[in-house]
Amino acid sequence: MTDISLFWHRRDLRMEDNRGLFAARASGLPVASFFCFDRYILDRLPELDRRVGFIHHHVSRLSQEYAQSGGSLHVLHGQPLTSLKELIAVLRSRGQKVVEIHTNRDYAPYPVRRDLEVAQWAEDQGISFSLHEDHVILPPESVLKDDGTPYTVFTPYSRKWHRVLESMDGVPLDTVDSLEQGSWASSPLQALPTLQEMGFDEESGNPEGWTAFDHALQPDTIRAYAERRDTPSIMGTTRMSLHLRFGTVSIRHLAALGMKHSEKWLTELIWREFYQSILHHFPHSASDAFRPKYDRIPWRQDEAGFDAWCRGKTGYPLVDAGMRELNATGFMHNRVRMVVASFLCKHLLIDWRWGERYFAEKLLDYELASNVGGWQWASGSGCDAAPYFRVFNPESQMKKFDPKGIYVKRWVPEWGTPGYGAPIVEHKFARQRAIDTYKAALAEA
Ligand SMILES: Cc1cc2nc3c(=O)[nH]c(=O)nc-3n(C[C@H](O)[C@H](O)[C@H](O)COP(=O)(O)OP(=O)(O)OC[C@H]3O[C@@H](n4cnc5c(N)ncnc54)[C@H](O)[C@@H]3O)c2cc1C
């Protein structure tokens, strides 16, 4: 029987600069790797889901990379702990005894619960279970106020983030060569489950075209970010969110580019860490208002308004363009996300949770911490949120960020013709209704 180390891939579908894989390889034991298509998550998704297509494509690519380097990636479809137990038993029957499991830490509520369960089981079996920091530069516990409490406002968080990094001589930015040392525990594999076998439409495919990887990571793109980022008609942002979501790119690589070429872009990466920190320290904010009194707002149960918003039929061109872009591609520009979210919570007075759920279904880059953070920011209920009386005017937003209607025309071809519907709610009326409703709810004892 040979002792081996098992590395478990989750939101880190790459071999390069992978902290957990590096640690497994540094253990000195031969390493086998594992990925589980998690039924707890997948069984809730519709048959056609491009995120599953994206993951499937990258797991398949990863599996080939393992084969090329002499290793093996075992891919199972099931409940993670059950699949782990199954794999460990199979490896044992082949003379390979898993004595340690390494994986990268995920800070969201479900993965935390899952990892606690696995850690407990591993301990009972005498297998060591180690979590490594790979998804963020600085994990939630390392950026705290001087009194040890978490930040709830972005600017001081961001200042502290820089100070902590400096105090560590930038070490968290160092990349690792996961393949440099160690050996593989190679063994025969089961075939990768197909999309169809897992109950998904083959059409789920891989939305690779969505991301212009090469373009995005050019120094020129990043240098031009600050001036181009707010124009939805151009490719002015990097579209790295999907890759960060599933770890097909290393955050250290991106942060180093930001440090070199654009402070503004680096700040966006820090927003991502800020929201992860908020969700970690305030897990209730995943479903409740971060500021509890905002849960007193009497949201309208307006199914018809919600349906018009979802379909991009509100009569407000920028809102409609954003929602149609989301429905067609799974992406929406950040500026437009802010406008459509504000429109739902303020103009229609619909609960931010309805919008958050809709985005969760549709966004390829859906990520709980940033999505909840973005929605609570727009509804006013979050930490460091837009004040409740700030109600975006969708027409002025369009004049400012899409003055020639290039973006709008792309998604709403009938805009400017008699075929385009009238606004479902009048701006001035809706703005005043939102301010009055919020004010009354927040004033209650
Ligand atoms: C209502 C709402 C919902 C959102 N939901 C999500 C979500 O589910 N997943 C998600 O990744 N982002 C979300 N965002 C944040 C942001 O819109 C996207 O990260 C960004 O549009 C992705 O495009 P990009 O990769 O081209 O970003 P770039 O502008 O190139 O930024 C680089 C990276 O920085 C991070 N980033 C940028 N802006 C933000 C931000 N405001 N908050 C947190 N991180 C940020 C992302 O990881 C992004 O990939 C949401 C924003 C709003 C207003």
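Counting starts at 1 for both ligands and their atoms, in listed order. FYI, the numbering just counts along the sequence from 1.
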*Mark the output for W377 as yes if a heavy-atom distance to ligand 1 is under 4.0 Å, and as no if none is.*
no
*Under-4.0 Å heavy-atom contact with ligand 1, by part of T238 that carries it*: both
_Within the 4.0 Å heavy-atom shell around S241, which atoms of ligand 1 are there?_
11 (O), 22 (C), 23 (O), 25 (O), 49 (O)
*For ligand 1, which atoms sit closer than 4.0 Å to a heavy atom of Y275?*
42 (N), 43 (C)
*Parallel, tilted or perpendicular: which fits the ring planes of F7 and H9, with parallel below 30° and perpendicular above 60°?*
perpendicular
*Measure the acute angle between the ring planes of H284 and F290, then classify it against the limits of 30° and 60° as parallel, tilted or perpendicular.*
parallel
*State plainly whether the residues E268 and R229 are in salt-bridge range, i.e. N to O under 4.0 Å.*
yes
*Please check if the distance between the ring centroids of W271 and F154 is under 6.0 Å.*
yes
*Looking only at N/O atoms, are T237 and ligand 1 under 3.5 Å apart anywhere?*
yes
_Looking only at distances, can you tell me whether any N or O atom of G374, backbone or side chain, sits closer than 3.5 Å to an N or O atom of ligand 1?_
no
*Pair E133 + R252: basic N to acidic O under 4.0 Å*: no
*atom 41 (N) of ligand 1 - nearest protein heavy atom and its distance*: N334 OD1, 4.0 Å
